[in-house]
Number of protein chains: 2
Amino acid sequence: MPQSIRTFSAPLIRRLPEYHSYLESALSQGLTTISSTAIAAHLNIDPIVVRKDCEAIGAVGRPRIGFDIPNLIAAIYEYMGWGNLDELVIVGCGSLGSALIGYNGFKKRGFKIIAGFDNDPSKAGILINGVSIFPINKMVNLVKRLHVEIGIIAVPPQAAQEIADMMVEAGIKGIWNFSPCALKVPKTVIVQQEDLITSLVILQKGMKHER
Amino acid sequence: MPQSIRTFSAPLIRRLPEYHSYLESALSQGLTTISSTAIAAHLNIDPIVVRKDCEAIGAVGRPRIGFDIPNLIAAIYEYMGWGNLDELVIVGCGSLGSALIGYNGFKKRGFKIIAGFDNDPSKAGILINGVSIFPINKMVNLVKRLHVEIGIIAVPPQAAQEIADMMVEAGIKGIWNFSPCALKVPKTVIVQQEDLITSLVILQKGMKHER
DNA sequence: TAGATTGTTAATCGATTAACAATC
DNA sequence: TAGATTGTTAATCGATTAACAATC
């Protein structure tokens, strides 16, 4: 089945890395096959979900035996696109921005922050975790020239829309927005809102609901 | 309608703060009422969604006129619980943990980080953004004594399960987990997984889907 | 009144869960 | 063979979208 007609589903994308990490550990323990039941038990979810997800990414198992672990790992790796490298730029190099630049998890998943931008002139020219920081007025040209398609916004909310406009002008197609504010962008540009506090409220509400 | 039988829905919780921020700006421009259509147009969503959400939080509008802005703001404030103060502790004060401790957005939404813990002895006793950092072996007692119910985990993945176990022992009921790994906890404890890279992959997949 | 907007009931859609036949 | 597990089809559930009567 060609990639293009596979369905795209956020819950699936969230679960696959969890399967992957468990499969890696199972493989390192010498196992070669595993049942959906076993994966599900370890992750505390329903086995049917695991079977459905395997089906969605095109992995096939064998009745009575389960799934071949290396195959399943490869299918997840392929579906998640961890083999391709995607380059990112980030605008806003305060404490959150710096933490993102310093985060090691990007590389393993096929992402690389190639430049940072900040409106504080004293930051221009410095390196954070090996990434060069530029003044913000260099952003549009640099992004155009390097054909970067994903931009991270980690600036105060009042500055976020202006940065988003610049990113759109620079040809960015996807914005990962850490500012708690709605951005106006053309329909061709996708915004992934990362409102940390909202996640925390969802946790809090979930706790009250549970009680 | 009492709080307890209102439905709990994550998408709703995500949208309400966006309404709130727009309502605040409309109010500061001297408006006193607003239609769901106007809110929806500004946020690029369907007006029906806005009306449904208003209904869910118990706000009532008037045909032809719309919703009273102060009332709607109050209803959101109440539903989100921004008036109550919830105390948090954080374990792991590296760059991500420090960025969270330094983040200003908690206060406005009724959250406060009251202590940080780290296994690096050189950090014991220091202040980050006014928050005291303690050695990790003080965590269980302090959390028990202060009856803190929410814990943040911002440690490397290989240490996350151990910290989660300690938190459960300390009586924590909700864990906000920034480590990319599944945690095993009793059913009475809720884990909100905050896998940053997964959000980025969802953005990336959305872009490919769009194209 | 006329018409814009709410509130409500029904339809759609997607994801999860259930049931069960196929298969090794 | 017997039985565990897959693969598939159907049912459920919740959220979104649509339709429309009520109302100011």
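Computation of the quantities below employed the complete heavy-atom set of this structure, encompassing side-chain atoms and omitting hydrogens, waters and symmetry-equivalent molecules. Throughout, protein chains are lettered first and strands after them, A, B, ... in sequence-line order, and every chain is numbered starting at 1. Model, not experiment: these values are computed from the prediction.
- Of the nucleotides present, C/dG14 is the one that pairs with D/dC13 by Watson-Crick or G-U wobble criteria, both distances under 3.5 Å.
- Note: CZ (B/R64) to C1' (D/dC24) measures 8 Å, nearest angstrom.
- Residue B/R51 has no polar side-chain atom (N or O) positioned under 4.0 Å from OP1 or OP2 of C/dT9.
- D/dC20: Watson-Crick or G-U partner is C/dG7, with both key distances under 3.5 Å.
- Applying the 4.0 Å criterion to OP1 and OP2 of C/dT6, one finds that B/S36 has a side-chain N or O inside that range.
- The B/E55 side chain lies nearest to C/dT8 when the options are D/dT6, D/dT16, C/dT8.
- Within the model, atoms CG of B/D53 and CZ of B/R14 stand 13.0 Å from one another, a figure rounded to the nearest 0.5 Å.
- Here the side chain of A/F67 is nearest to one of C/dG7, C/dT17, D/dT6, namely D/dT6.
- Across the protein-nucleic acid pair, A/I202 atom CD1 and D/dA15 atom P stand 12 Å apart, rounded to whole Å.
- Between B/P63 and A/I48, the residue anchored nearer the 5' end of DNA chain C, judged by the nucleotide with its closest heavy atom, is B/P63.
- What separates NZ of A/K52 from C1' of D/dT5 is a distance of 15 Å, to the nearest Å.
- For the pair B/D53 CG and C/dG7 P, the interatomic distance rounds to 13 Å; values are reported in whole Å.
- Separating the CG atom of A/L72 from the P atom of D/dG7 is a distance of 11 Å, rounded to the nearest angstrom.
- Without hydrogens or angle criteria, B/K184 side chain to A/H42 main chain gives a donor-acceptor distance under 3.5 Å.
- Rounded to whole Å, atom P of D/dA4 lies 18 Å from atom CD1 of A/I34.
- Projected onto DNA chain C by closest heavy-atom contact, A/D46 and A/A10 fall at different nucleotides, the more 5' of which corresponds to A/A10.
- A straight line from CZ of B/R62 to C1' of C/dG7 spans 15 Å, rounded to a whole angstrom.
- Within the 4.5 Å cutoff, side-chain heavy atoms of B/I39 are placed close to those of B/L23.
- Rounded to whole angstrom, the span from the CD1 atom of A/I65 across to the C1' atom of D/dA2 amounts to 15 Å.
- The side chain of A/S35 places no N or O atom within less than 4.0 Å of a non-bridging phosphate oxygen (OP1 or OP2) of D/dA4.
- Aromatic ring pairs are classed by plane angle as parallel below 30°, tilted from 30° to 60° and perpendicular above 60°; the pair A/W176 and A/F106 is perpendicular.
- A donor-acceptor pair is defined here as one N or O able to donate and one able to accept, closer than 3.5 Å; no such pair exists between the side chain of A/S98 and the backbone of A/S95.
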